[in-house]
Amino acid sequence: MTTYTTAWKSPSNIALVKYWGKKPEGVQIPSNASISFTLSNCATTTKLTFTEQEDLEITVLLEGKEEPDFIPKIEQFLHRISRIFSFVLKGKYTVDTSNSFPHSSGIASSASGMSALSLCICDIAKEKGLLAEEDFNQTASILARLGSGSASRSVYGPMGQWGEHSDYEGSSDEFAIPYSDINSVYADYCDTILLVHRGQKTVSSTVGHGLLTDNPYAPARFAQAQENMTAMKAILKSGDLDAFIALVESEALTLHSLMMSSNPYFILMKPNTLKIIEAIWEKREKDGVKWCFTLDAGANVHFLYPQADKVAAQDFINEELAQYCENGAFIHDEVGMGSERI
Ligand code: DP6
């Protein structure tokens, strides 16, 4: 009855071209390719203790306190990945996890949490002689995808690309790949997450993805996303910020328009989400700044700006945008280099 202990820190990520919709065949296969900035400060640290035993037993600690609500999701994850590593269903787990951001912040911890846990499991598989070093990251990304699609991209920095696309060499629906063919302006791009609404989301991402099956706009969207991936590749290479802004904002609003056109329809934006968007547009119009927003599946706004504009953009946050955040809260983050063993 061997015991294994390992720990990983894995960051959150923010998609520029969004994953929204899964193929009906396979498990966790995206309907279109996506690409994201890997973040740096928003991260989950997970320490895993695994003791071999006949049955499956899971204890989850969140910030040191027992959190049984997470167990069903982890159990489902372990069942999914048992086709890759059958040992995972025979053990006693203590998953000791903590987030650098408050749990109630409305920041999804599934990407960082699932990738941290996947990397821990790969460590155990490696120690057991079931995983070679050269397959480590790819396997971790496959496991992470099975936990939460966007988690597949969190393994790598500065960007992660997931989903088959002819313009992205080595891309796959099964795992994400690191992406770094980018202009230096993006290597340390800033993302301040404006915390508009800290409550639970009314519709989870997983349910939202499912609603695309019957959405009449879905096929057009999937085709558009593939085209946007082509455009994004050129934008990332050239550093054309005007084109970057136009594509990133369109992707964010398209994501939310898909939610609004689903059946049942739903809206995750809040009035202050729109106030922030308007304030950013006004500022851009007035001062010609190259600042923009994106959204994930929630009300919070990711405010994106170049590192060179940090002081001015953060002044703008304090003076204009913070008023629309719940309790004035936001988190400064920037592009980071991916997951690390600790
Ligand atoms: C809007 O990865 O959270 O953030 O695979 O069902 O766990 P599941 O969904 P999830 O969806 C993320 C959707 C998104 C866009 C993106 O990150 O690409």
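Hydrogens, waters and symmetry mates play no part in the numbers below; they use all other heavy atoms, side chains included. Both ligands and their constituent atoms are indexed starting at 1 by order of listing.
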**Report entry** Polar proximity ligand 1 side, S148 side, N/O cut 3.5 Å exclusive
**Finding:**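 S148 vs ligand 1: N/O contact under 3.5 Å present.
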Query raised in the report: Considering distance alone, does some N or O of S150 sit under 3.5 Å from an N or O of ligand 1?
Result: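 Yes, S150 has an N/O under 3.5 Å of an N/O on ligand 1.
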Query raised in the report: Under 4.0 angstrom from ligand 1, any heavy atom of K22?
Result: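 The answer is yes: ligand 1 sits under 4.0 Å from a heavy atom of K22.
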Query raised in the report: At a 4.0 Å cut-off, with the gap strictly under it, does some heavy atom of M114 reach an atom of ligand 1?
Result: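 M114: no contact with ligand 1 (<4.0 Å).
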If we ignore angles and hydrogens, is there a donor and acceptor under 3.5 Å between the side chains of [X] and [Y]?
X: N13; Y: T38; value: no
X: Q53; Y: K90; value: no
X: T51; Y: T3; value: yes
X: T192; Y: Y305; value: yes

**Report entry** Taking every non-hydrogen atom, the tightest pair across Q138 and F175
**Finding:**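 Shortest heavy-atom contact: NE2-CE2, 3.3 Å.
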Report task. Measure across V185 and G239 and return the closest heavy-atom pair with its distance rounded to 0.1 Å. Result ->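 Shortest heavy-atom separation between V185 and G239 comes out as CG1-CA, 4.2 Å.
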May I ask you to list the atoms of ligand 1 that are less than 4.0 angstrom from any heavy atom of [X]?
X: Q28; result: 5 (O)
X: A297; result: 1 (C)
X: A15; result: 16 (C), 17 (O), 18 (O)
X: W20; result: 1 (C), 13 (C)

Provide, to 0.1 Å, the distance between [atom] and the closest protein heavy atom, together with that atom's residue and name.
atom: atom 16 (C) of ligand 1; value: R153 NH2, 3.4 Å
atom: atom 9 (O) of ligand 1; value: H209 NE2, 3.1 Å
atom: atom 4 (O) of ligand 1; value: D296 CB, 4.0 Å
atom: atom 13 (C) of ligand 1; value: Y19 O, 3.4 Å

Query raised in the report: Charged N to carboxylate O under 4.0 angstrom, K92 versus E52?
Result: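 Here K92 does not pair with E52 in a salt bridge, since their nearest N and O are not under 4.0 Å apart.
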Report task. Only one of L131, T2, T6 passes side chain to side chain contact (heavy atoms under 4.5 Å, CB included) with I124; say which it is. Result ->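 Output: one option passes, namely T6.
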Report task. Closest by any non-hydrogen atom to atom 1 (C) of ligand 1: pick that one out of T294, L16, L255. Result ->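 It is L255 that holds the nearest heavy atom.
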